[in-house]
Student: 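Quick one: the structure is below, questions incoming.
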Amino acid sequence: MFTPRTRWNPGNWLRAKYDRNPFIEQIKNTTTSAGLPLESLSMKDVKTHFMATSFNLCSKRTHFLKSWEDYDGGMKLWEVISWSALSAAYYFGKINVPDYQWTAYLPDGTKKAGKGGVFQDGGQGVNNNTIHFILSEIAAKNWWKEGTFLLSLGTGNLDISVPYETASKENFMEQIVDYPFEARTESTIGQVLAAKYIAGVNDSFKFKRFDILLQEKENELDNVQYIDRFVNYGKVMAESLDSRFVADYF
């Protein structure tokens with residue numbers, strides 16, 4: 001599936017790197033424990049609260065697709081997954097959904113109906129991580145009163161800290177160049193720390209983040225040459241799900 005379109009064909013120069021269709025077929029043909037293919041399921045059919053996110057180029061904001069809501073619940077599960085996971089601009093390209101209904105919230109406090117979704121990735125910029133969206137939903141629905149465990153799965157990252165000796169010598173232009181990217185850089189750690197803070201003061205809410213420290217050469221977009229290493233990192237994190245973890249979090 002991770003075979004890029006050839007750039008020797010001029011017709012591919014303005015197309016996304018990958019064809020998303022093999023990935024979609026893989027999702028559709030995946031079966032549940034009851035033997036049902038995901039292709040046959042709507043959002044409302046899942047056995048837990050499921051929320052997916054996707055940035056809409058029409059509304060210029062992230063949308064939240066929720067399995068428990070009437071409108072979202074009728075959507076096909078595999079389609080919603082695709083809008084979130086298989087629509088990144090460079091890798092797969094946008095997904096057009098002409099009949100998608102949404103609401104525009106205007107600066108003066110009024111609203112208007114919008115139609116049409118052009119979905120592009122599940123998270124962008126400061127929303128690259130969506131822990132804060134989940135925390136908002138937990139608070140809005142009072143789920144924390146029932147006892148809530150939030151499990152966050154990372155995909156590997158670098159140590160983003162910078163020595164004082166280096167940061168203190170940044171010149172004016174370096175500060176200006178770095179400024180637009182600082183929000184995205186801190187988005188994950190900021191949200192992880194917020195969730196840990198809430199868990200530390202609320203016995204009804206528990207949080208666990210799984211992630212791994214990458215080497216510099218591994219931390220590149222679409223770095224499939226290291227896929228075996230990434231699989232092994234996943235196994236290492238999975239092996240930490242022992243009896244003590246269950247006792248601490250469940």
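Everything quoted here is computed from the prediction, not taken from an experiment.
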Student: May I ask you to decide if N171's main-chain N or O and E174's side chain share a donor-acceptor pair within less than 3.5 Å?
Tutor: yes
Student: Has N9 got more than 12 heavy atoms of other residues, nucleotides or ligands less than 6.0 Å from its CG?
Tutor: yes
Student: Are K208 and F210 in a cation-pi contact, defined as NZ or CZ under 6.0 Å from the six-membered ring centre and within 45° of the axis?
Tutor: yes
Student: Could you tabulate the donor-acceptor pairs under 3.5 Å formed by side-chain atoms of residues 19-28, not counting sequence neighbours?
Tutor:
| from | atom 1 | to | atom 2 | distance (Å) |
| --- | --- | --- | --- | --- |
| D19 | OD1 | N21 | N | 3.0 |
| D19 | OD1 | N21 | ND2 | 3.1 |
| R20 | NH1 | L86 | O | 2.8 |
| R20 | NH1 | F92 | O | 3.1 |
| R20 | NH1 | G93 | O | 2.8 |
| R20 | NH2 | K94 | O | 2.9 |

Student: If you count every heavy atom of other residues, nucleotides or ligands that lies below 6.0 Å from L106 atom CG, does the total exceed 12?
Tutor: yes
Student: What pair of heavy atoms forms the shortest contact from P98 to K115, and how long is it?
Tutor: O-CG, 3.6 Å
Student: May I have the list of side-chain donor-acceptor pairs in residues 154-162 shorter than 3.5 Å, sequence neighbours left out?
Tutor:
| from | atom 1 | to | atom 2 | distance (Å) |
| --- | --- | --- | --- | --- |
| D159 | OD1 | S161 | N | 3.0 |
| D159 | OD1 | S161 | OG | 2.6 |
| D159 | OD2 | S161 | OG | 3.2 |

Student: Apart from L57 itself, what residues make up its hydrophobic cluster, given side-chain heavy atom links below 4.5 Å?
Tutor: F55, V118
Student: For E218 and Y226, which heavy atoms make the closest approach, and how far apart are they?
Tutor: CA-CD1, 4.1 Å
Student: At their closest point, which heavy atom of A195 faces which heavy atom of I131, and how far apart are they?
Tutor: CB-CG2, 4.0 Å
Student: Under 3.5 Å, is there a donor-acceptor pair between the D99 and Q101 side chains?
Tutor: no
Student: E39 versus K76: any side-chain heavy-atom pair under 4.5 Å?
Tutor: no
Student: In terms of heavy-atom contacts, does OH of Y71 have more than 12 from other residues, nucleotides or ligands at under 6.0 Å?
Tutor: yes
Student: Looking only at heavy atoms, which two atoms of S42 and G74 are closest? And how far apart?
Tutor: OG-O, 4.0 Å
Student: Describe, in one word, how the ring planes of F230 and Y233 are oriented to each other, choosing from parallel (under 30°), tilted (30 to 60°) and perpendicular (over 60°).
Tutor: tilted
Student: Keeping the roles fixed (side chain from N12, backbone from R5), state whether a donor-acceptor pair exists under 3.5 Å.
Tutor: no
Student: Quick one: closest heavy-atom pair of P180 and I176, and the distance?
Tutor: CD-O, 3.3 Å
Student: Identify the heavy atoms of R184 and S187 that sit nearest to each other, and give their distance.
Tutor: O-OG, 2.8 Å
Student: Going by distance alone, is a donor N or O of one side chain under 3.5 Å from an acceptor N or O of the other, for D222 and Y18?
Tutor: yes
Student: Counting only heavy atoms not in D203, do more than 12 fall under 6.0 Å of its CG?
Tutor: no
Student: Set out, in order, the CA-CA distance, both residues' side-chain angles and the distance that settles ring-ring contact (aromatic ring centres under 6.0 Å, His included) for W83 and H63, then state yes or no.
Tutor: CA-CA 10 Å; W83 301 347; H63 287 254; 9.7 Å; no
Student: Relative to each other, are the rings of Y100 and F119 parallel, tilted or perpendicular (30° and 60° limits)?
Tutor: perpendicular
Student: Got a donor-acceptor contact below 3.5 angstrom from the N29 side chain to the L38 backbone?
Tutor: no
